[in-house]
Amino acid sequence: MKLPSIREADNHELGKVVIVTSVLMIISAFILPIVFVMLLQDIFFFSRSHWIFSTPASAYIIFGAGMLWVPLVLIAFLSIKVWVEKREKTIRFVWVYGLSLMLCLPLFALGVSNYYYMDDQGIYYNDLASFSESGFLWDDITTVKRTYTSPDNSSVAAVEAYTFITKTGEEVEIPYHSRDTELRQIVNRVINEYNFEVID
């Protein structure tokens with residue numbers, strides 16, 4: 001028995017599937033990226049040698065964008081299919097929509113590969129727009145710059161990020177959150193151990 005192609009599918013039935021799928025994907029895009037990114041990073045990048053392994057917010061955002069891309073393409077396909085068939089024609093180039101759906105995969109991959117970690121050797125990171133890891137050895141770093149932010153209605157400044165600067169002037173910025181006491185302890189330890197200059 002030959003299954004009907006999506007080109008010949010009934011718009012009413014197809015519409016139900018697209019709407020349910022789109023609603024689920026849109027809701028999930030605000031919740032599931034945290035779960036998926038953490039799980040996949042744990043599978044692909046976990047090492048007991050890491051002092052700390054953390055994920056910037058940008059990783060979750062780009063993964064969520066990949067999830068939102070799926071309903072966008074599905075809704076576009078359904079809308080164009082309905083419009084074309086009202087003109088008593090058949091939708092063409094269905095493969096373009098299938099190919100467009102695949103664009104979510106690089107977004108997922110970029111999200112999962114966006115991280116930073118510290119270990120005995122140094123600090124390593126993978127930027128959002130890259131699939132290759134970069135890093136600096138502790139011996140190559142000379143300075144740690146603390147960036148501060150002042151919360152609304154508060155005169156107390158809080159650390160927003162740590163920037164590690166090498167002898168050659170290269171920099172890597174690590175975001176910091178007040179609840180991340182482990183990162184603060186590690187940064188203070190390496191500052192003392194390697195006698196880094198601290199810029200406030």
Side-chain angles (χ1 to χ4, degrees), residues 28-69 102-152 154-200:
S28 299
F30 296 97
I31 302 165
L32 293 183
I34 295 171
V35 176
F36 286 139
V37 170
M38 288 177 65
L39 179 65
L40 292 170
Q41 285 183 340
D42 199 41
I43 291 169
F44 293 114
F45 305 117
F46 174 78
S47 172
R48 293 188 185 278
S49 67
H50 295 158
W51 293 349
I52 190 170
F53 186 100
S54 193
T55 308
S58 55
Y60 304 117
I61 291 168
I62 199 71
F63 196 97
M67 294 182 73
L68 291 173
W69 178 254
M102 296 298 107
L103 289 177
C104 68
L105 298 178
L107 295 176
F108 293 154
L110 285 170
V112 171
S113 64
N114 185 208
Y115 59 83
Y116 68 85
Y117 66 88
M118 300 177 188
D119 63 13
D120 290 337
Q121 308 304 315
I123 184 168
Y124 301 89
Y125 61 95
N126 198 333
D127 286 327
L128 183 61
S130 172
F131 288 111
S132 61
E133 185 177 277
S134 302
F136 302 117
L137 299 177
W138 294 124
D139 289 334
D140 294 331
I141 295 169
T142 60
T143 309
V144 176
K145 178 182 174 185
R146 289 188 284 226
T147 305
Y148 292 89
T149 182
S150 182
D152 294 338
S154 173
S155 59
V156 179
V159 175
E160 182 180 41
Y162 292 103
T163 303
F164 293 84
I165 307 169
T166 67
K167 298 170 185 173
T168 58
E170 295 177 277
E171 299 182 1
V172 57
E173 183 177 280
I174 304 299
Y176 172 75
H177 302 286
S178 57
R179 63 185 177 275
D180 196 351
T181 55
E182 186 181 10
L183 176 59
R184 185 179 67 233
Q185 290 169 357
I186 289 171
V187 171
N188 289 337
R189 186 177 67 179
V190 294
I191 286 172
N192 293 329
E193 186 175 339
Y194 292 91
N195 295 315
F196 294 150
E197 178 188 358
V198 178
I199 300 175
D200 286 317

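For clarity, every value in this text was computed on a predicted model and none was experimentally measured.
The side-chain heavy atoms of Ile52 and Asp180, taken from C-beta on, include a pair separated by under 4.5 Å. With contacts defined as side-chain heavy-atom distances shorter than 4.5 Å, the pair Phe136/Thr166 qualifies. Residues Ile165 and Phe196 fail the side-chain proximity criterion, which asks for heavy atoms closer than 4.5 Å.
In terms of modelled atom types and a separation under 3.5 Å, the side chain of Asn114 and the main chain of Ser58 share no donor-acceptor contact. With hydrogens and angles ignored, the 3.5 Å screen pairs no side-chain donor or acceptor of Asp127 with any backbone N or O of Ala129. Between the side chain of Lys167 and the backbone N or O of Asp139 there is at least one donor-acceptor pair closer than 3.5 Å. When atom types are taken as modelled, the side chain of Gln41 and the backbone of Val112 share a donor-acceptor pair closer than 3.5 angstrom. Using modelled atom types, no side-chain atom of Trp69 and backbone atom of Leu107 make a donor-acceptor pair closer than 3.5 Å. Between the side chain of Ser130 and the main chain of Asn126, no donor-acceptor pair closer than 3.5 Å is present.
Under the 3.5 Å distance criterion, with hydrogens and angles disregarded, no donor-acceptor pair is assigned to the side chains of Glu133 and Tyr116.
The CE atom of Met67 sits 4.5 Å away from the CG atom of Leu32 when rounded to the nearest 0.5 Å. In this structure, Thr55 OG1 and Asp42 CG are separated by 10.0 Å, a value rounded to the nearest 0.5 Å. Distance check: Glu171 CD to Thr163 OG1 gives 6.0 Å after rounding to the nearest 0.5 Å. The CG atom of Asp140 lies 7.5 Å from the OG1 atom of Thr168; values are rounded to the nearest 0.5 Å. Distance CD/Gln121 to CH2/Trp51: 9.0 Å, rounded to 0.5 Å. Taken from OG in Ser54 to NE2 in His177, the straight-line distance is 7.0 Å, to the nearest 0.5 Å.
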>> For Thr143 and Ile199: C-alpha separation, side-chain torsions, deciding distance, then whether side-chain contact (heavy atoms from CB on, under 4.5 Å) applies.
In response: CA-CA 7 Å; Thr143 309; Ile199 300 175; 3.5 Å; yes
> Do Tyr124 and Ser134 pass the side-chain contact (heavy atoms from CB on, under 4.5 Å) test, and can you show the C-alpha distance, the side-chain angles, and the key distance before you say yes or no?
Replying inline: CA-CA 6 Å; Tyr124 301 89; Ser134 302; over 6 Å; no
> Ile43 and Leu39: side-chain contact (heavy atoms from CB on, under 4.5 Å), yes or no, with the steps?
Replying inline: CA-CA 6 Å; Ile43 291 169; Leu39 179 65; 4.2 Å; yes
>> Checking Ile123 against Trp138 for the side-chain contact (heavy atoms from CB on, under 4.5 Å) test, could you report, in this order, the C-alpha distance in whole Å, the side-chain angles of both residues, the deciding distance, and whether it holds?
In response: CA-CA 7 Å; Ile123 184 168; Trp138 294 124; 4.1 Å; yes
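The aromatic rings of Tyr115 and Phe53 lie parallel to each other, with less than 30° between the two planes, well short of the 60° mark.
The minimum heavy-atom distance between Ser28 and Pro33, with the atom names listed, is O-CD, 3.3 Å. Val144 and Tyr162 make their closest contact through CG1-CD2, 4.1 Å (heavy atoms, listed as atom of the first residue, atom of the second, distance). Minimum interatomic distance between Ile174 and Phe164 (heavy atoms only, all atoms of both residues): CG1-CE1, 4.0 Å. Looking at every heavy atom in both residues, Gly111 comes nearest to Ala59 through O-CB, 3.2 Å.
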For residues 181-195, which side-chain donor-acceptor pairs fall under 3.5 Å, sequence neighbours excluded?
from   : atom 1 : to     : atom 2 : distance (Å)
Arg184 : NH1    : Tyr176 : OH     : 2.9
Asn188 : ND2    : Arg184 : O      : 3.3
Asn192 : ND2    : Asn188 : O      : 3.1

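Under the salt bridge (charged side-chain N to carboxylate O under 4.0 Å, His left out) criterion, Arg146 pairs with Asp200, sequence neighbours left out.
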